[in-house]
Amino acid sequence: MKVTLRIRRFNPETDQKPYWGDYTLDGVEPTNSVLELIHRVKWEQDGTLTLRRSCAHGVCGSDAMRVNGVNRLACKILMDGIGVKDGDTIQLEPILGLPVIKDLVVDFEPFFDHYRAVMPYFVPATPPPADGRERIQSQAEREVFDDTTKCILCACCTTSCPSFWASGKYVGPAAIVQAHRFIFDSRDGAAKERLNILAEPDGVWRCRTIFNCTPACPRDIEVTRAIGEVKLAIKRAE
Ligand code: SF4
Ligand code: F3S
Ligand code: FES
């Protein structure tokens, strides 16, 4: 089938403002991913088109973009998955709320600044066991934060959040998910510090429970639920 990609293009070194570029492709299969089509545009029609991707299998989280107005990983979206038919147009834009570097590539530094701010690493609550073995954790204790271990830091959630669009100072759902993973780990000893960080004005209370983040997550993490659990933990610690 024939499909047109309408791609938001912008090179800050040469363009006054963004514009739409239309690229029509023949021989598109229902099993083709959006990423495969973008590759065809870049390799067959316009080598200047700029994107970020790595694994092409939904693991690295590097090709988040807006596909027909919704945040997606381009490699995980197939033509038949979004009901594309012969003659259709697919609209592609960079994710919102982060500065565009070029075309579909945004600057992730503000996003990672928020990530780093929540102490997204294990802080042992106890010294290593004397027998040299691992710290024991029950299955039930592990299940409390199992969901949030799946995050691949793709930013689909944070850049779909209207609170983040309104203020880039909001730490955002991805950082809260990462904090959740350690706050609720029974072996970790820094939950209080993380909760204090997230209780700041630009922390969890900027979440207005808009819920855009949950359907945006390509890992099916219950993002809003995780945020709610962190809010509750802050209240209980007061
Ligand atoms: Fe991506 Fe989901 Fe992690 Fe958000 S929570 S960064 S959408 S994987
Ligand atoms: Fe934003 Fe998700 Fe909260 S969309 S407002 S972080 S529920
Ligand atoms: Fe790695 Fe899509 S390229 S998640």
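Positions are given from 1, in the same order as the sequence printed here. Just so you know, these numbers come straight off a predicted model, no measurement behind them. Ligands are counted one by one from 1 in listed order, and the atoms in each one are counted from 1 as well.
Residue Pro218 has at least one heavy-atom neighbour below 4.0 Å for each of these atoms of ligand 1: 7 (S).
Within the 4.0 Å heavy-atom criterion, the part of Ser54 lying near ligand 3 is the backbone and not the side chain. Residue Ile210 touches ligand 2 through backbone and side chain together, judged by heavy-atom distances below 4.0 Å. No part of Ile176 comes within 4.0 Å of ligand 2, judged by heavy-atom distances. Under 4.0 angstrom from ligand 2, the non-hydrogen atoms of Cys213 come from both its backbone and its side chain.
Of all protein N, O or S atoms, those under 2.8 Å from atom 3 (Fe) of ligand 1 number 1.
The protein non-hydrogen atom at the shortest distance from atom 3 (Fe) of ligand 2 is Cys207 SG, 2.3 Å. Atom 1 (Fe) of ligand 2 has Cys161 SG, 2.4 Å as its closest protein atom, hydrogens excluded (heavy atom only). For atom 7 (S) of ligand 2, the closest heavy atom belonging to the protein is Phe211 N, 3.2 Å. Ranking the protein heavy atoms by distance from atom 6 (S) of ligand 2 puts Tyr170 OH, 3.4 Å first. For atom 4 (S) of ligand 3, the closest heavy atom belonging to the protein is Gly61 N, 3.2 Å. Given atom 3 (S) of ligand 3, the protein heavy atom at minimum distance is Ala56 N, 3.1 Å. Closest to atom 5 (S) of ligand 2 among all protein heavy atoms lies Arg208 N, 3.2 Å.
Counting heavy atoms from C-beta on, the side chains of Asp188 and Arg194 come closer than 4.5 Å.
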